[in-house]
Amino acid sequence: MPKFCRVCEKPLSEFMSFGEMPIANSFINIQEKKNQYLYEMLAAFCENCFTFQLLNVPKPKQMFNENYAYLASTSKEMQEHWGDLANKITDEFNFDKKSFIVEIGSNDGIFLKHISEKKISHLGVDASSNVNEIAEAKGVNTLNAFFNSKTASDIVTNFGKADIIFSSNTMHHIEDINEVVKGMDLLLKDDGTIITEDPSLKEMIIKNSYDQIYAEHMYIWSLHSISSLFGRYKMEVYRIENNERHGGCSRYFICRKGKKKIDQTVVEYMQVEKTLKLNNIKTFLNFKKNVSNSKKILRDLLFNFKKNGKKIVGYGAPAKSTTILNYCDIDSSLIEKIFDNSSTKVGKYTPGKSMIPIEHTDSFISYKSDYTLLFAWNHKDEILKKEKNYKNKWIIPIPKIEII
Ligand code: TMP
Ligand code: ZN
């Protein structure tokens with residue numbers, strides 16, 4: 001039975017299985033080990049609309065609920081990143097008292113907090129009630145809901161249409177993505193702008209950062225695929241900006257067709273993606289080879305250290321670590337513990353087969369390990385600076401397995 005693209009409904013080309021996976025952000029207690037939700041993580045590419053996507057994803061409620069473990073504000077760098085964007089867009093779009101901005105997937109209020117401080121009308125929509133409570137405590141107005149066309153019409157009825165619809169690291173989370181864009185179409189003012197920032201397919205392919213892939217990241221967007229998706233609703237990307245957050249993200253500025261001049265950045269980036277053949281299945285078959293090589297190198301390295309009596313720990317338990325641990329079959333016999341500073345993860349275990357205990361980063365230095373695998377490799381500069389008193393070696397898993 002062929003599987004069909006969630007964006008354009010054409011048959012998909014399935015190219016890789018990562019084996020059995022738990023839900024990436026479902027850090028668990030020891031007694032929950034046997035009751036985990038597991039799925040086979042299968043990656044596919046649509047040769048019609050160029051969307052990279054996962055098959056078999058869990059139901060939204062299984063991923064986004066009152067136990068959602070990811071808190072965006074754990075990183076100082078990310079706090080600054082979203083603070084800068086809030087300042088930039090308030091200037092660029094001349095926000096005033098009548099402006100209204102809606103964020104889809106507002107998490108712990110890391111972005112809207114700055115908008116709220118500027119006294120601009122806003123609403124953060126998030127399906128996880130625990131993160132909404134944290135955001136509300138920062139003065140952010142929230143709505144506990146999944147964003148879809150129904151939620152969008154309710155927002156229009158209660159608050160009016162939006163000048164800006166913002167989402168960061170959310171467009172890749174939502175299976176029924178056409179419902180989201182339909183909702184955006186209903187909610188957006190005629191001359192409004194959608195700004196969405198997500199991990200970039202180009203960066204994933206270049207860095208071989210397969211740890212970007214997990215059920216919550218069921219799409220890895222590119223300019224090609226985002227343009228196909230929004231094109232279905234007569235909208236287009238008019239500007240693109242790129243940054244190194246989360247291992248490489250693209251920020252797309254989207255308007256109704258013909259409303260804004262298409263920036264040169266869009267023309268150039270389209271060409272870059274074509275040169276990298278992000279519109280060709282062969283690129284993904286090659287990616288599959290690189291990913292399985294990376295698994296072999298990492299396992300050989302860890303087994304070798306272990307054989308020589310070395311103590312190995314991990315640093316950072318991002319959702320990404322769930323993919324590395326489960327795909328590479330790494331458990332607590334290889335990595336004794338992982339240090340992380342998120343209150344939602346400390347005291348729990350990494351999910352799936354791995355079951356590695358998570359402790360607070362405060363006890364990292366005193367634990368005296370020989371090697372530390374940096375799962376939060378995208379925060380390398382921040383973490384290495386913070387942990388400058390660690391005298392032993394770091395293992396960096398991505399983009400290239402390196403020991404420093
Ligand atoms: P992220 O890559 O999805 O932002 O997740 C990073 C993880 O690493 C998150 O669980 C928090 C953790 N972390 C630390 O423990 N210490 C740090 O200094 C930073 C930046 C992150
Ligand atoms: Zn498609």
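Counting starts at 1 for both ligands and their atoms, following the listed order. Every heavy atom of this structure was used, including side-chain atoms; hydrogens, water molecules and symmetry mates were not.
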Which residue pairs satisfy the side chain to side chain donor-acceptor pair (under 3.5 Å) criterion with at least one member in residues 280-298, sequence neighbours excluded? K296-D300

Note the single closest protein heavy atom to atom 15 (O) of ligand 1, along with its residue, its atom name and the distance in Å. N341 N, 2.8 Å

H81-E197 side chain donor-acceptor pair, cut-off 3.5 Å: yes

Can you report which non-hydrogen protein atom sits closest to atom 18 (O) of ligand 1, along with the distance? K386 NZ, 2.3 Å

Can you pull the side chain to side chain donor-acceptor pair (under 3.5 Å) pairs that have at least one residue in residues 25-35, sequence neighbours excluded? none

Hey, does E382 come in under 3.5 Å of ligand 1, counting only N/O atoms on both sides? no

Any donor-acceptor pair under 3.5 Å linking the side-chain atoms of S332 with those of Y349? no

Report the residues that fulfil side chain to side chain donor-acceptor pair (under 3.5 Å) with R239, sequence neighbours left out, ordered by chain and then residue number. E92, E241

Between H246 and ligand 1, find which residue part has any heavy-atom pair under 4.0 Å and reply side chain, backbone, both or neither. side chain

Specify the protein heavy atom at minimum distance from atom 5 (O) of ligand 1: its residue, its atom name, and the distance to 0.1 Å. P318 CB, 3.4 Å

When you measure from the side chain of H172 to the backbone N and O of I220, does any donor-acceptor pair fall under 3.5 Å? no

Atoms of ligand 1 close to N378 [distance to a heavy atom under 4.0 angstrom, numbered from 1]: 2 (O)

If you count the atoms of ligand 1 from 1 in the order shown, which ones are under 4.0 Å from a heavy atom of S342? 9 (C), 10 (O), 11 (C)

Regarding S17 and E40, do their side chains bring together a donor and an acceptor under 3.5 Å, going by distance alone? yes

So, E175 side chain and V57 main chain: donor-acceptor pair closer than 3.5 Å or not? no

Near the Zn ion (ligand 2), protein N/O/S count under 2.8 Å comes to 4

Identity and separation of the nearest protein heavy atom to atom 1 (P) of ligand 1: H379 NE2, 3.5 Å

If we count only N and O atoms by modelled type, under 3.5 Å, do the side chains of S222 and S225 hold a donor and an acceptor together? yes

Note the single closest protein heavy atom to atom 7 (C) of ligand 1, along with its residue, its atom name and the distance in Å. D340 OD2, 3.8 Å

Between T142 and N144, do the side chains contain a donor N or O and an acceptor N or O under 3.5 Å apart? no

Tell me, which protein residue and heavy-atom name are nearest atom 3 (O) of ligand 1, and how many Å apart are they? Y70 CE1, 3.5 Å

A376 heavy atoms, cut-off 4.0 Å: which ligand 1 atoms fall inside? 8 (O)

Identify the closest protein heavy atom to atom 2 (O) of ligand 1: which residue and atom is it, and at what distance? K320 NZ, 2.8 Å

Is a salt bridge present between K353 and D329, judged by a nitrogen-to-oxygen distance below 4.0 Å? yes

Which atoms of ligand 1 have any heavy atom of T361 under 4.0 Å away? 15 (O)

Tell me which one of R256, K259, K257 satisfies side-chain contact (heavy atoms from CB on, under 4.5 Å) with E236. K257

Could you tell me, atom by atom, which parts of ligand 1 come under 4.0 Å of a heavy atom of K345? 9 (C), 10 (O)

